Structures are given as structure tokens and as C-alpha cells.
Amino acid sequence: MKQAEKKQDLKAKLIEAARHLIAERGLANLKARDVADHAGRALGGLYTVFDDLDGLVLAVNYESFRRLDEVMAAAVQGVAGPEAQMLGLIKAYLGFARAEPNLWRAMFEHRLPEGRSFPPEHYEALASLLQHIVAPLRALQPGRSAEEQMIRARTLFSAFHGIIAMSLDHRFTGVTSEALDGELEALLHQLVRGL
């Protein structure tokens, strides 16, 4: 293998190892040595590909954003009507969170050190997710500018994410797991009527 191919292979193995460990143990329990061991590599190898553990977590989270984007795109494929599309998006998002709870949490819990910014591809991945919400919003409020629709999409995403996060984390303010699906649907219906 050429040097670049070896580095790419090592990167893929480290990302997969970190993804597996985050899924199994959660982000808070991720350790560089465990990642290297799981990938069958020396600890120093991690730092030839990533500057630090944060860089590796960013790579895992980026892949999670891409997978979530695919899940949400599939959820609205062939679905007619803005409310039905939004409901499909919410169900897909909730399904992803339930199926991959630790990876889903890592996407939003990971904090970079002060002064360090998320890479551009993270913002692009988020924008892609939000576009799934913008499409039905455009049908409901065609007079709004693209910027206004993106702001509204962020607001809706944050609202439903918050409800889902508090409920799945069993916070005392959250909705029970049994009631969550129905409450999300009821809230969406009221929001669509308001929009």
C-alpha cells in the first residue's frame, strides 16, 4: 500500500473503532487507548491521522449526521403533503435516536475546546438535515424568504429535538416513552395549523 492509502485505511479503522465504542459505552467513556486497541493499532497511530481525540469524535459525528440525513431523506420519499412529510421526519429522527442513542447523543453533546470551531462540513451536514424541514415549510409558508425558512426550520428542529432528548433521557420534565410518539404528533398538528 502507498503511504496515503495506509493512512486512509488507518483513519477508517479508527473511525469505525470509535463509532463502535461510542455506540457501546457513550461519548463520556471514550478513551484514545481503547480506540487504538479496538482498531488493533498503536496509540501513536491515532495521532498520525487526527490531531487529538476531538478530531476523531468529529469524524464519527460527521458520519452520524450523514446517516441521519439519509434516514430523514428516505422518510419523506414519495410522501405527499407538508404535515405528512414533517411527521415522517419526526418519526425518522425519533427512530434514529432510539436505535442509536449513544451515537445520537454524541452528535449534540460533544463540545470543542474554547477557540476551536466545528469544521465546515459539520455546518453543511446540519444544513442538509434542515433542508428536509425547509421543504414542507416552503409549502406551508411560501411567502417567507429562504433565510426565514431556515431560521424556522432550526426552531422546529430544536423544539422537537429538545422534547425527544428530555424524554429519552428520562428527565422528570420529559414525556414518558409510551406517550412520546402521540405527543409529538399532536404538537406537530397544532404547529402546522398555526403555520
Side-chain angles (χ1 to χ4, degrees), residues 1-75 89-133 150 153-154 156-171 174:
M1 270 190 186
K2 296 179 182 174
Q3 190 65 25
E5 291 172 338
K6 284 183 181 180
K7 191 170 184 177
Q8 197 58 34
D9 180 61
L10 174 59
K11 182 177 182 180
K13 284 187 165 100
L14 291 168
I15 291 171
E16 177 53 30
R19 188 201 65 74
H20 175 81
L21 291 171
I22 291 171
E24 187 178 273
R25 304 176 187 173
L27 179 61
N29 297 311
L30 186 69
K31 307 286 184 251
R33 183 167 302 285
D34 293 343
V35 173
D37 288 347
H38 192 80
R41 299 294 191 261
L43 179 59
L46 190 150
Y47 298 107
T48 64
V49 179
F50 296 99
D51 291 337
D52 52 26
L53 195 58
D54 284 316
L56 177 57
V57 172
L58 286 172
V60 172
N61 284 346
Y62 177 69
E63 285 192 359
S64 295
F65 270 112
R66 288 183 47 206
R67 286 180 41 240
L68 178 57
D69 185 53
E70 290 171 4
V71 166
M72 291 177 74
L89 292 171
I90 291 166
K91 286 182 176 183
Y93 187 78
L94 178 57
F96 184 90
R98 282 178 168 154
E100 304 276 4
N102 287 333
L103 290 168
W104 171 72
R105 284 183 183 94
M107 292 165 60
F108 303 100
E109 290 177 356
H110 182 234
R111 300 285 181 265
L112 289 173
E114 192 169 330
R116 187 167 169 189
S117 301
F118 284 96
E121 60 265 20
H122 272 62
Y123 293 103
E124 292 163 11
L126 178 60
S128 182
L129 278 182
L130 293 174
Q131 283 302 323
H132 298 299
I133 303 169
M150 185 58 83
R154 278 181 175 269
L156 291 173
F157 178 85
S158 297
F160 283 99
H161 171 80
I163 293 166
I164 290 168
M166 285 194 293
S167 299
L168 294 185
D169 286 344
H170 307 290
R171 305 273 174 105

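These numbers come from the heavy atoms of this one structure, side chains and all, not from hydrogens, waters or symmetry mates. Only a predicted model underlies this, so the values are computations on that prediction, with no experimental measurement involved.
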So which heavy atom on A36 is nearest to which on L14, and how close?
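Closest approach of A36 to L14, heavy atoms only: CA-CD2, 4.5 Å.
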Measure across L89 and M72 and return the closest heavy-atom pair with its distance rounded to 0.1 Å.
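The pair with the smallest heavy-atom distance is CD2-O, 3.5 Å.
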Does the side chain of [X] reach to within under 4.5 Å of the side chain of [Y], using non-hydrogen atoms?
X    : Y    : answer
F118 : N61  : no
R105 : L168 : yes
R41  : L46  : no
K13  : H38  : no
N102 : R25  : no
R67  : F96  : yes
M107 : L68  : yes

[X] [atom1] to [Y] [atom2] distance, which is reported to the nearest 0.5 Å:
X    : Y    : atom1 : atom2 : result
L53  : R33  : CG    : CZ    : 12.5 Å
E70  : S128 : CD    : OG    : 9.5 Å
R154 : L129 : CZ    : CG    : 10.5 Å
L10  : I15  : CG    : CD1   : 9.5 Å
I164 : W104 : CD1   : CH2   : 6.5 Å
E124 : F65  : CD    : CZ    : 12.5 Å

Counting distance only, does the side-chain N/O of T48 pair as donor-acceptor with the main-chain N or O of G45 below 3.5 Å?
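At least one qualifying donor-acceptor pair exists.
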Can H132 and D69 be said to form a side chain to side chain contact (heavy atoms under 4.5 Å, CB included), step by step?
CA-CA 8 Å; H132 298 299; D69 185 53; 2.6 Å; yes
Within 6.0 Å of CZ in R98, more than 12 heavy atoms from elsewhere
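Buried by this count: over 12 neighbours within 6.0 Å.
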Lys/Arg N to Asp/Glu carboxylate O, R19 vs E16, below 4.0 Å
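E16 and R19: salt-bridged.
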Report the residues that fulfil side chain to side chain contact (heavy atoms under 4.5 Å, CB included) with R116, sequence neighbours left out, ordered by chain and then residue number.
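By the side chain to side chain contact (heavy atoms under 4.5 Å, CB included) rule, R116 matches D52, D54, L58, L112, P113.
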Should the ring pair F157 and F108 be called parallel, tilted or perpendicular, given that the plane angle runs from 0 to 90° and is split at 30 and 60?
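Correct class here is tilted.
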